[in-house]
Amino acid sequence: MKKGDHLFLVDGSGYIFRAYHALPPLTRKSDGLPVGAVSGFCNMLWKLLREARDTSVRDTPTHFAVIFDYSSTTFRKEIYPEYKANRSAPPEDLIPQFGLIRQATKAFNLPCIEKEGYEADDLIATYARMAEAVGAEVTIISSDKDLMQLVTPLVSMYDSMKDKQIGIPEVIEKWGVPPEKMIDLQAMTGDSTDNVPGIPGIGPKTAAQLLEEFGDLDTLLARAGEIKQQKRRENIIQYAEQALISRQLVTLKTDTPIDVGLEDFGLEPQNGPKLVAFLKSMEFNALTRRAAEATGVDASEIEAANLKIEAVAEARGPDLDSAGSDASPEAATASSQMVVSSKPPSSNVSATPADLVKARTDEALSAKIDRSAYTTIRDVASLQIWIDEAMASGIVAFDTETTSADPMQTEIVGLSLATRPGKAAYIPINHKSRDGDLLGGGLLEHQIPEAEVFRLLKPMLEDASVLKIAHAMKYEWLVMHRHGIDLHPVDDTMLISYVLDAGEGHHTMDSLCDRWLGHKPLAYKDLVGSGKSSLTFDKVEIERATEYAAEDADVTLRLWRLLKPRLVADGLSSVYERLERPLIPVLARMEERGISVDRQILSRLSGDLAQSAAAIEDEIYKLAGEKINIGSPKQMGDILFGKMGLPGGSKTKTGQWSTSAQLLEDLAAEGHELPRKVVDWRQLTKLKSTYTDALPGYIHPDTKRVHTSYAMAATSTGRLSSSEPNLQNIPVRTTEGRKIRTAFIAAPGNKLISADYSQIELRVLAHVAEIPQLTQAFADGIDIHAMTASEMFGVPVEGMPSEVRRRAKAINFGIIYGISAFGLANQLSIPREEASQYIRTYFERFPGIKDYMEATKAFARQHGYVETIFGRRAHYPEIRSSNPQLRAFNERAAINAPIQGSAADIIRRAMVRMDAALKDAKLTARMLLQVHDELVFETIEDEVEATLPVIREVMENAAMPAIALSVPLQVDARAAHNWEAAH
DNA sequence: GTCCGACCGTA
DNA sequence: TTACGGTCGGACG
């Protein structure tokens, strides 16, 4: 090697862990072997080497090596036995990848370097200094701060994941000190992930400031007495020795004995067949193709390499010898080789996702939760230690404690973090004393100021390499967004559970904790009480709050470790990653925007309704002959069917007379006056109490808009639900009801756009059941209910009586709902035999429907769940019940779920894509509401015409490219000043 | 104060 | 005949 050469040193071990956490989990298709980190690693090497051939890129390597940790026992353990003693075993689905990445390195024809007793960092330091000594340039492919001490004018670092060069200025910018002072800085701050002690209370900021003032650690220790802050001075004096040990630990060895010299790192040409064989064995299809093209080999002629998984110890995380496993140092460091396709013999090394899930399930149940082990963070330095640990580990579970369940109204009281199972802390921020004056208690002491907490947390919360985990992340996201934080990337244990187990009970943290961890966490109610005497969380004692809040973060992290691998094992990763996780920020922003509701219109309507209802009330009292509570079905039933002796139809299951609208309508049709009045009265009072009177109470005091809350994990089918207020059941069917919608208005200068799918569920049915007449009718754009009627009854579409079409329409809906003769008879008010005959006729005309329904039932019976076209599952654990009614109910639901659920998935896909599509088109339209098959937007008037086609385009193509539907999707979109007119 | 059933608004 | 959430009355404590 000589001056002008350029050596690339890849921190292979560092890369593995970072890639594992930062990249989406990926498994080999054929057998589920986890290969996410291998994939990231190969792509990175490919990119680095491709640029090496590209002469237009300046910084190209002439020499190249990939460096790995060898084992966990290094010379540092002799200096300080506790070094890295806090490391837990690596994730099980990472273990097989250690060996694979080494094989990948060899497949790329690159030197693969490791040395017993030394860490990769020491080898990198040694090689970097050697190359520098002969005047060559060095690029270290890593973002590890431990390597930053090596940076010089000739040595720089490159963060391949963020595509960021790290030179001297970047080090100074990030740490406040030049590279040569990094060792002293690390010696002072310590490193919680490696268990390097440092000096308590000294974080990077303080350390940089002290180094600025005193020059170096030795001088600082010598002149520590000059430090003004008492606590800091005491700590530095008391822990001086510890700082010196820490310095030894963090100082990289530049004289590591080496077996391979720089001259052997010269970049060799690719061995095309060898590389392609490896990539093929990993089933990295895109990269295989690229590699074959670039090296000029025919991939189809090359057989996939016959891979073996070597058990390899990695000092970075896997402390295999202390993990209590049977992986002895010998087994770990030598090459106890296992063929991938066979089960690993009596080993806890998980080769398949199922093994991993099994291991994690056992782990979750056996590990006990100890609330007394949690920490309360009351000062900036301690907080920084936790943040550093989160940054280093790349994973953190968190939970906010707030004053309200409504993220739009709430104040943050505190925040908890968990970095490892059992390791969690609570940061009290706004706890108040309970016995305050009338204004409420004052802020308690020893809490870090809110602004400071957010300032410190923000970089971590927004760091692309740190995964933030919460239970019900949308709430956290929204609270954080309102504090100016763009939380990402995220995982949500509630949504993971929902994807895995929709239909198997609720997905609250308490129920999951009980189910999976066999543990009952502290109940919120026990802290704050209930009812009138309940407190807001800011009045909870900090000690109690710590136990509760930290436990939530701890439990969230434990649940994540258990549930996340199940996504891979069950083949549900894409449902989670495409339909659930990306919807979190989309829905959060919709909730945050809210919609404008006109108070005056509602108030006027309320008055009108009150008047009309009062008039009807008087007439009802007259007809009934006494004053009763009309709103009481019990009292109304007694009057109608007891006192007045009308023919009562059915009784409810509690033995009361049924007074359903349907039944009263039937009585009215027979000429009875009172039932008609009751039906009218009910409609008016329903509109008044549920809508005109309740909605104004939801207008936000600051935004003056109404902010609903969408539940992402509430339904068994994949639909959303809306509450507080429910904006998915605003009246539309009756003239009176529709007036409510006129109160939903666009902001001044804006319009509302309503875009809804036409007959989406019937279209989905036509697709999944493959019904030629239906697909043809949708392709031709003809009236689907009329076509159905025509097929069934032999009546031509032209001049069809409306009653005939109405019946066909009811049957079509009935099919989607898992039709029964009883239900159809009820709906159409016809005898059950007649309904039965309709259904028989329908199935004769559309035999594919019958086949589809039978096949769906059989699938559900066999598997206990059904699937949408995108693979979302809905579970029906009671479908094999011996109770015929219960079983039949589950069968109908199972028939409905793939149809309703596929439609729900389609609109979810549209929503996930919508913001980017509008942005690309440079439009300002914003999504406000979702009503199952409808999206409501708000946009400035001038952009309406340009916006409509963009919305339609996204919605109509939402199934693509995952699914090419056999029917077109049709979207009707209109703009107006209010929702009624736009719909 | 809390729970449940009846009823009814939406897709 | 599918999927939801809100309001009310009434019974329970």
Side-chain angles (χ1 to χ4, degrees), chain A residues 502-503 525 529-534 628-637 650-664 678-679 682-691 693-695 697-698 708-711 714-734 736-738 740-741 756-762 765 810-828 832 835 838-839 853 866 874 876 888-901 903-904 907 929-934 983:
Chain A
K525 265 192 188 163
S530 64
K532 234 199 283 186
S533 60
S534 69
I628 56 155
N629 188 341
I630 309 168
S632 163
K634 183 170 144 60
Q635 294 181 33
M636 205 65 236
S650 52
K651 298 258 182 102
T652 65
K653 59 184 162 188
T654 53
Q656 294 295 324
W657 294 107
S658 167
T659 64
S660 70
Q662 172 76 60
L663 197 144
L664 298 187
V678 175
V679 170
R682 278 189 187 164
Q683 195 202 4
L684 297 173
T685 53
K686 170 89 175 180
L687 293 175
K688 184 171 185 293
S689 66
T690 309
Y691 302 105
D693 291 355
L695 276 173
Y698 288 103
T708 184
S709 171
Y710 289 103
T715 72
S716 52
T717 54
R719 273 193 179 180
L720 303 175
S721 77
S722 154
S723 64
E724 292 180 286
N726 181 354
L727 295 186
Q728 290 180 322
N729 72 345
I730 302 303
V732 73
R733 290 178 186 178
T734 65
E736 279 304 301
R738 261 201 298 278
I740 310 274
R741 289 200 173 211
D756 68 301
Y757 285 106
S758 161
Q759 310 280 12
I760 189 168
E761 294 191 353
L762 277 176
L765 174 69
I811 294 166
N812 275 334
F813 276 100
I815 294 296
I816 291 169
Y817 297 154
I819 202 155
S820 77
F822 181 83
L824 184 64
N826 244 0
Q827 178 69 26
L828 287 175
R832 183 135 30 127
Y838 280 180
I839 295 169
M853 292 172 80
V866 289
Y876 294 94
F889 173 75
N890 276 275
E891 286 173 352
R892 290 194 297 272
I895 287 168
N896 172 254
I899 303 169
Q900 188 185 114
I907 197 166
L929 305 177
Q930 190 251 39
V931 192
H932 309 307
D933 66 359
E934 174 190 11
H983 186 73

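Numbers restart at 1 for each chain; the letters A, B, ... are given by sequence-line order, proteins then strands.
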Enquirer: Taking the side chain of A:Thr654 as its heavy atoms from C-beta onward, which of C:dT1, C:dT2, B:dA6 lies nearest to it?
Expert: B:dA6
Enquirer: Is the shortest side-chain N/O distance from A:Asn726 to OP1 or OP2 of C:dG6 below 4.0 Å?
Expert: no
Enquirer: For A:Arg733, which contact category applies under a 4.0 Å heavy-atom criterion: base, sugar-phosphate, or nothing?
Expert: base
Enquirer: Please determine whether a side-chain nitrogen or oxygen atom of A:Ser632 lies at a distance below 4.0 Å from atom OP1 or OP2 of C:dG10.
Expert: yes
Enquirer: Would you mind telling me which of B:dT10, C:dT1, B:dC8 lies closest to the side-chain atoms of A:Lys686?
Expert: B:dC8
Enquirer: Taking only the side-chain nitrogens and oxygens of A:Ser721, find out if one of them lies under 4.0 Å from OP1 or OP2 of C:dG5.
Expert: yes
Enquirer: What's A:Glu934 touching, base or sugar-phosphate or nothing? Going by heavy atoms closer than 4.0 Å.
Expert: nothing
Enquirer: Among B:dA6, B:dG9, C:dT2, which nucleotide sits nearest the side chain of A:Asn729?
Expert: B:dG9
Enquirer: Salt bridge between A:Glu736 and A:Arg682, side-chain N to carboxylate O under 4.0 Å?
Expert: no
Enquirer: Heavy atoms only, 4.0 Å cut-off, all strands: where does A:Ala821 land among base, sugar-phosphate and nothing?
Expert: nothing
Enquirer: When we call it a touch if two heavy atoms are under 4.0 Å apart, what does A:Phe889 touch: a base, just sugar-phosphate, or nothing?
Expert: sugar-phosphate
Enquirer: Can you see if the side chain of A:Arg892 gets near the phosphate of C:dT2 - specifically, an N or O under 4.0 Å from OP1 or OP2?
Expert: yes
Enquirer: With sugar-phosphate meaning primed atoms plus P, OP1 and OP2, does A:Ala903 contact a base, only sugar-phosphate, or nothing at under 4.0 Å between heavy atoms?
Expert: nothing
Enquirer: Have a look at A:Gly818 and say if it touches a base, only the backbone sugar-phosphate, or nothing, with a 4.0 Å heavy-atom cut-off.
Expert: nothing
Enquirer: Identify whether any heavy atom of A:Leu687 sits under 4.0 Å from a base atom; if not, whether one sits that close to sugar-phosphate; answer base, sugar-phosphate or nothing.
Expert: nothing
Enquirer: Tell me which nucleotide among C:dT1, B:dA11, C:dT2 gets nearest to the side chain of A:Phe822.
Expert: C:dT1
Enquirer: Side chain of A:Tyr691: nearest nucleotide among C:dT1, B:dG9, C:dA3?
Expert: B:dG9
Enquirer: Mind listing the N/O atom pairs, protein and nucleotides 11-13 of chain C, below 3.5 Å?
Expert:
none

Enquirer: With sugar-phosphate meaning primed atoms plus P, OP1 and OP2, does A:Gln635 contact a base, only sugar-phosphate, or nothing at under 4.0 Å between heavy atoms?
Expert: sugar-phosphate
Enquirer: May I ask you to say what A:Ser530 touches in the nucleic acid, namely base, sugar-phosphate or nothing, with a heavy-atom cut-off under 4.0 Å?
Expert: sugar-phosphate
Enquirer: Across the strands shown, which category fits A:Gln656 at heavy-atom distances under 4.0 angstrom: base, sugar-phosphate, nothing?
Expert: nothing
Enquirer: Just N and O in the side chain of A:Thr690: are any of them under 4.0 Å from OP1 or OP2 of B:dC8?
Expert: no
Enquirer: Strictly below 4.0 Å: does A:Ser716 bring a side-chain N or O up to OP1 or OP2 of C:dC4?
Expert: yes
